[in-house]
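Counting convention: from 1, in listed order, for ligands and their atoms alike. Because only heavy atoms are used, hydrogens play no part in the values below, and waters and symmetry mates are left out as well, while side chains stay in. Everything quoted here is computed from the prediction, not taken from an experiment.
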Amino acid sequence: MIKEHRDGWIEVVTGVMFSGKSEELLRRVRRAMIARKSVQVFKSHLDDRYGGIGHISSHDGQEIPALPVSSSRDVAEQVERGTQVVAVDEAQFLDGGVIAVVNALADEGRRVIIAGTDMDFRGEPFGPVPALLAVAERIDKLHAICVVCGELATRNQRLIDGRPAPAEGPTIQVGGLESYEARCRRCHDVPSAADDQMQLISQIRRPV
Ligand code: ADP
Ligand code: ZN
């Protein structure tokens with residue numbers, strides 16, 4: 001007996017901010033639509049930086065409609081029976097439950113396309129993205145250009161008032177006034193507020 005053919009799989013587009021993840025997600029979604037697949041696109045409601053809630057926009061201004069979600073459960077509940085392709089942008093903001101959700105969607109025979117940054121501003125693994133990389137059939141890690149030196153950028157530099165933000169800050173700054181730059185490993189700067197304090201103390205204690 002021939003086993004029922006099911007085409008489901010998971011593909012993840014990851015990398016630093018400005019590396020073209022949304023552009024690539026949009027490209028894949030558009031091609032799936034040209035192939036007359038039924039597609040649903042989701043995006044964490046935490047990301048309303050570009051194009052606002054309800055759209056996925058790339059930094060070059062292209063956009064498509066997307067359903068805002070606040071949890072993996074939202075994704076699971078909103079996927080329709082006939083949907084063949086499920087795309088999720090800004091996956092780093094979702095909870096760990098997203099791994100089981102996308103695995104189930106792929107098991108049902110759907111193509112799942114996920115985009116998200118794999119490292120937080122400290123350069124540490126970000127939310128569920130590292131685990132998504134582990135379960136994916138296909139991974140593409142994209143790079144941006146370091147705005148300091150022009151080499152390939154692999155790190156998210158958080159800035160507050162134009163200065164490198166300390167490591168002690170929250171991983172997700174809701175409604176924060178911070179900004180981000182793409183930087184290479186060498187130019188990535190994450191000062192520790194604790195180190196600054198220690199330096200100050202040792203300066204004060206230094207005998208004159
Ligand atoms: P991501 O989703 O990874 O944040 P986008 O797809 O939204 O990235 O945007 C990628 C686009 O951003 C690039 O094609 C380019 O036009 C623009 N861009 C702005 N700054 C940079 C940078 N430092 N390095 C590379 N591309 C950049
Ligand atoms: Zn650099």
* Structure fact -> Looking only at non-hydrogen atoms, the one of Glu23, Arg27, Glu24 nearest atom 6 (O) of ligand 1 is Glu23

* Under 3.5 Å, is there a donor-acceptor pair linking the side chains of Ser71 and Asp95? -> no

* Structure fact -> A student checking ligand 1 against Val147 at a 4.0 Å heavy-atom cut-off should list atoms 23 (N)

* Asked: Does Ala182, backbone or side chain, put an N or O under 3.5 Å from an N or O of ligand 1?
  -> no

* Asked: Strictly under 4.0 Å, does any heavy atom of Asp89 approach an atom of ligand 1?
  -> no

* Between Lys21 and Glu24, is there a side-chain N and carboxylate O pair less than 4.0 Å apart? -> no

* Asked: Between Gln40 and Gln78, is there a donor-acceptor pair closer than 3.5 Å when you use the side chain of the first and the backbone of the second?
  -> yes

* Residue pairs involving residues 130-145 (criterion side-chain hydrogen bond (donor to acceptor under 3.5 Å, both in side chains); sequence neighbours excluded) -> Arg28-Asp140, Asp118-Lys141, Arg138-Asp140

* Near Met17, which atoms of ligand 1 are under 4.0 Å from a heavy atom of that residue? -> 4 (O)

* **N or O contact, Gly20 vs ligand 1, cut-off under 3.5 Å** => yes

* Under 3.5 Å: donor-acceptor pair, side chain of His188, backbone of Asn156 -> yes

* Which protein atoms of type N, O or S are found under 2.8 Å from the Zn ion (ligand 2)? -> Cys146 SG, Cys149 SG, Cys184 SG, Cys187 SG

* Between Glu181 (side chain) and Val147 (backbone), is there a donor-acceptor pair under 3.5 Å? -> no

* Structure fact -> Numbered in order shown, the ligand 1 atoms found under 4.0 Å of a heavy atom of Lys21 are 1 (P), 2 (O), 3 (O), 4 (O), 6 (O), 8 (O)

* Just which atoms of ligand 1 are under 4.0 Å from any heavy atom in Ala144? -> 24 (N), 25 (C)

* Main-chain N/O of Lys43 paired to Asp89 side chain as donor or acceptor, under 3.5 Å -> no

* **Cationic N near anionic O, under 4.0 Å, Arg122 to Asp120** => yes

* Asked: Is Phe42 reachable from Leu94 through a run of hydrophobic residues whose side-chain heavy atoms are each under 4.5 Å from the next?
  -> yes

* **Any N or O of Phe18 closer than 3.5 Å to N or O of ligand 1** => yes

* Take Arg27 and Glu23, measure what salt bridge (Lys or Arg N to Asp or Glu O under 4.0 Å) needs, and give me the verdict at the end. => CA-CA 6 Å; Arg27 192 182 78 88; Glu23 258 168 30; over 6 Å; no

* To do: Treat each ILVMFWY residue as a node, draw an edge where side-chain heavy atoms are under 4.5 Å apart, and state whether Val101 and Leu67 are in one component.
  => yes

* Structure fact -> Near Val16 (heavy-atom distance under 4.0 Å), the atoms of ligand 1 are 3 (O)

